[in-house]
Amino acid sequence: MSSTDAGGDRLAGLLAEHAELEATLADPAVHTDTGRARRLGRRYAQLAPVVETARALDAARDDLAAARELAGEDASFAAEAEQLEQQVEGLTGRLTEQLLPKDPDDDKDVILEIKAGEGGAESALFAGDLLRMYLRYAERRGWATEVLDAVDAELGGYKDVAIAVKARGDEGIWSRLKFEGGVHRVQRVPVTESQGRIHTSAVGVLVLPEAEEVDVTVDPNDLRIDVFRSSGPGGQSVNTTDSAVRITHLPSGIVVSSQNEKSQLQNRESALRVLRSRLLAAARDEAAAAASDARRSQVRTVDRSERVRTYNFPENRISDHRVGFKAHNLDQVLDGDLDPVIDALTAAHTAELLAEGS
């Protein structure tokens, strides 16, 4: 294809990879391994827009060359050539964006953790509001969700809750939710406030690409596994058996627990899923720390020490402080209408990458 000059060897390599994946996925034997077939299918879907744009650009360039040649004989083709020039320019810009370096985790499912922070009971209540927001957003996108662990708060909401979000098709969820990590601040009058004063509370959100077993190897000898009884609000026991599980990864010191299921085996598997994802994120962060400042800025948003967004109830306003996004439709956002906010973050990230490339 002549469009290889728009992205050089990188485009040629992606087009070759797409063709190879197409041939591989056509082999029925590949689909006997559902995990592998799903990974290949996701990668194929990820490359499809690049291939489509490259083909459209080739066709537009061919049409432009023909129109320019004919314009010398018939002036009516000059206007067509001008339109085709704009089309080629637009497709070239789109292909340039599509060829930007991709986050290796963009096509992964995610584990999302929400933790109550400053603000006591009000923070726990808002953690429940954020959980509902993400569940409604997942529902709008057609994603599947699963609660891995939940620690209820005494007056409602959650002290800590973790969910898995999975795509039903080839769409990558990390690419949409990776900028949600950080401190989410809420400003509103708590139900317990008799004077009508606005309080400010904070909730920590941590988003991790869900690691598959092929991504992270966990040595059972590196784990200390403790079992205990599940507890509900106020610490009372809600289970008469030791079904809750706490796993400590000794080399890293990472501790995860799960008590949502009645089965110790199910809680163990849920905790291992979170552990693998945290280990993968730690490995990514370590690699990023050794890379450029630009790369570090991309992963910085999962650091809960950073206040990323404010939800102001009296003004029905949502503000994302990283990109200056503001909208007065907080009620709709909390009902799962998150796409405009996420689109603004994604557009700003793309603009940064383009600026770095230039």
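Remember, it's a predicted structure, so these values are computed and weren't measured experimentally.
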| H249 side-chain N/O to D222 backbone N/O, donor-acceptor pair under 3.5 Å | no

| Are any side-chain N or O atoms of D331 and backbone N or O atoms of N316, one a donor and one an acceptor, separated by less than 3.5 Å? | no

| Any donor-acceptor pair under 3.5 Å linking the side chain of S277 with the backbone of A211? | yes

| request: Determine whether V255 and F228 fall in the same hydrophobic cluster, where Ile, Leu, Val, Met, Phe, Trp and Tyr are linked whenever their side-chain heavy atoms lie under 4.5 Å apart. | output: no

| message | Quick check: do T346 and H349 have side-chain heavy atoms less than 4.5 Å from each other? | response | no

| At their closest point, which heavy atom of S123 faces which heavy atom of G117, and how far apart are they? | OG-N, 2.7 Å

| field | Distance (rounded to the nearest 0.5 Å) between D343 CG and F325 CZ | value | 9.0 Å

| query | If you take all heavy atoms of V207 and W174, which pair is closest and at what distance? | reply | O-CZ3, 3.3 Å

| Inter- and intrachain pairs under ring pair (Phe, Tyr, Trp, His ring centres under 6.0 Å), touching residues 70-104, at least two apart | none

| request: Could you tell me which residues satisfy side-chain hydrogen bond (donor to acceptor under 3.5 Å, both in side chains) with N267, sequence neighbours excluded, listed by chain and number? | output: S258

| Salt bridge K159-E154, side-chain N to carboxylate O under 4.0 Å | no

| said: Whether the side chain of N329 engages the backbone of Q332 through a donor-acceptor N/O pair (distance < 3.5 Å, no angle test) should be reported. | reply: no

| query | Is there side-chain contact between R38 and R42, with heavy atoms separated by less than 4.5 Å? | reply | yes

| What distance separates L345 CG from R322 CZ, expressed to the nearest 0.5 Å? | 4.5 Å

| query | Does W143 reach the side chain of L177, with side-chain heavy atoms less than 4.5 Å apart? | reply | yes

| Is it the case that one hydrophobic cluster holds both L279 and L250, taking links as side-chain heavy atoms less than 4.5 Å apart, direct or via other members? | no

| message | Using only atom types and a distance under 3.5 Å, with no angle test, would you say the side chain of T200 pairs donor to acceptor with the backbone of Q187? | response | no

| request: Please identify each residue that fulfils salt bridge (charged side-chain N to carboxylate O under 4.0 Å, His left out) with R94, with sequence neighbours left out. | output: none

| note | Between the CD1 atom in I114 and the NE2 atom in H184, the distance rounded to the nearest 0.5 Å is 8.5 Å

| How far apart are the closest heavy atoms of V323 and A348, and which atoms are they? | CG1-CB, 3.4 Å

| said: Quick one, D149 with S257, criterion side chain to side chain contact (heavy atoms under 4.5 Å, CB included). Give me CA distance, side-chain angles, the key distance, then yes/no. | reply: CA-CA 8 Å; D149 190 36; S257 61; 4.1 Å; yes

| task | Look up atom CD1 in I342 and atom CG in L338, then write down how far apart they are to the nearest 0.5 Å. | result | 5.0 Å

| How far apart are the C-alpha atoms of K326 and E315, what are their side-chain angles, what is the distance that settles it, and do they pass the side chain to side chain contact (heavy atoms under 4.5 Å, CB included) test? | CA-CA 11 Å; K326 286 186 180 180; E315 298 179 15; over 6 Å; no

| field | Nearest atoms (heavy-atom pairs only) where P314 meets I198 | value | CG-CD1, 3.5 Å

| remark: Residues pairing under side-chain hydrogen bond (donor to acceptor under 3.5 Å, both in side chains) where one sits in residues 20-35, two or more places apart or in two chains, turn out to be E22-Y44

| task | Consider only side-chain heavy atoms of I, L, V, M, F, W and Y, link residues closer than 4.5 Å, and tell whether L272 and V227 are in one cluster. | result | yes

| remark: The ring-ring contact (aromatic ring centres under 6.0 Å, His included) partners of Y158 (sequence neighbours excluded) come to none

| task | Rounded to the nearest 0.5 Å, what's the gap from CG on L353 to OG1 on T96? Could you check? | result | 13.0 Å

| Are V30 and L47 connected, step by step, through hydrophobic side chains (Ile, Leu, Val, Met, Phe, Trp, Tyr) whose heavy atoms are closer than 4.5 Å? | yes

| With E69, which residues qualify under salt bridge (charged side-chain N to carboxylate O under 4.0 Å, His left out), at least two apart? | none

| So does R278 pair up with E113, basic N to acidic O under 4.0 Å? | yes

| query | Would you call D103 and K108 a salt bridge, using N to O less than 4.0 angstrom? | reply | no

| field | L280 side chain reached by L208 side chain, heavy atoms, under 4.5 Å | value | no

| field | hydrophobic_cluster_shared for V203 and V147, side chain cutoff 4.5 Å | value | yes

| When you measure from the side chain of D109 to the backbone N and O of A167, does any donor-acceptor pair fall under 3.5 Å? | yes

| task | Report the residues that fulfil side-chain hydrogen bond (donor to acceptor under 3.5 Å, both in side chains) with R188, sequence neighbours left out, ordered by chain and then residue number. | result | E122, D129

| request: Measure the spacing between CD of E180 and CG of L112 and express it to the nearest 0.5 Å. | output: 8.0 Å

| message | D106: which residues meet the salt bridge (charged side-chain N to carboxylate O under 4.0 Å, His left out) condition with it, sequence neighbours left out? | response | K178

| field | Side-chain touch V88/L57, heavy atoms, less than 4.5 angstrom | value | yes

| remark: When every non-hydrogen atom of L11 is compared with those of A54, the smallest separation belongs to CD1-CB, 4.4 Å

| request: Before giving the answer on side chain to side chain contact (heavy atoms under 4.5 Å, CB included), spell out for F313 and L330 the whole-Å C-alpha distance, their side-chain angles and the decisive distance to 0.1 Å. | output: CA-CA 7 Å; F313 276 72; L330 177 57; 3.8 Å; yes

| said: Suppose the criterion is side-chain hydrogen bond (donor to acceptor under 3.5 Å, both in side chains): which pairs have a residue in residues 81-90, not counting sequence neighbours? | reply: R68-E85

| said: Taking salt bridge (charged side-chain N to carboxylate O under 4.0 Å, His left out) as the cut-off, I'd like each qualifying pair that reaches into residues 134-147, sequence neighbours left out, listed once. | reply: R136-E139, R136-D335, R140-D335, R141-E171, R141-D339, E146-R273

| said: Run the ring-ring contact (aromatic ring centres under 6.0 Å, His included) test against Y134 and tell me which residues pass, sequence neighbours left out. | reply: none

| Closest non-hydrogen atom pair between A271 and V256, with its separation | O-CG2, 3.4 Å

| task | Evaluate the criterion side chain to side chain contact (heavy atoms under 4.5 Å, CB included) for residue pair L155 and L125; output intermediate values, then yes/no. | result | CA-CA 8 Å; L155 298 179; L125 289 169; 5.6 Å; no

| Would you say the side chain of V341 lies within less than 4.5 Å of the side chain of R309, judging by non-hydrogen atoms? | yes

| task | List for me each residue that meets salt bridge (charged side-chain N to carboxylate O under 4.0 Å, His left out) alongside D160, sequence neighbours excluded, and say none if there are none. | result | K115

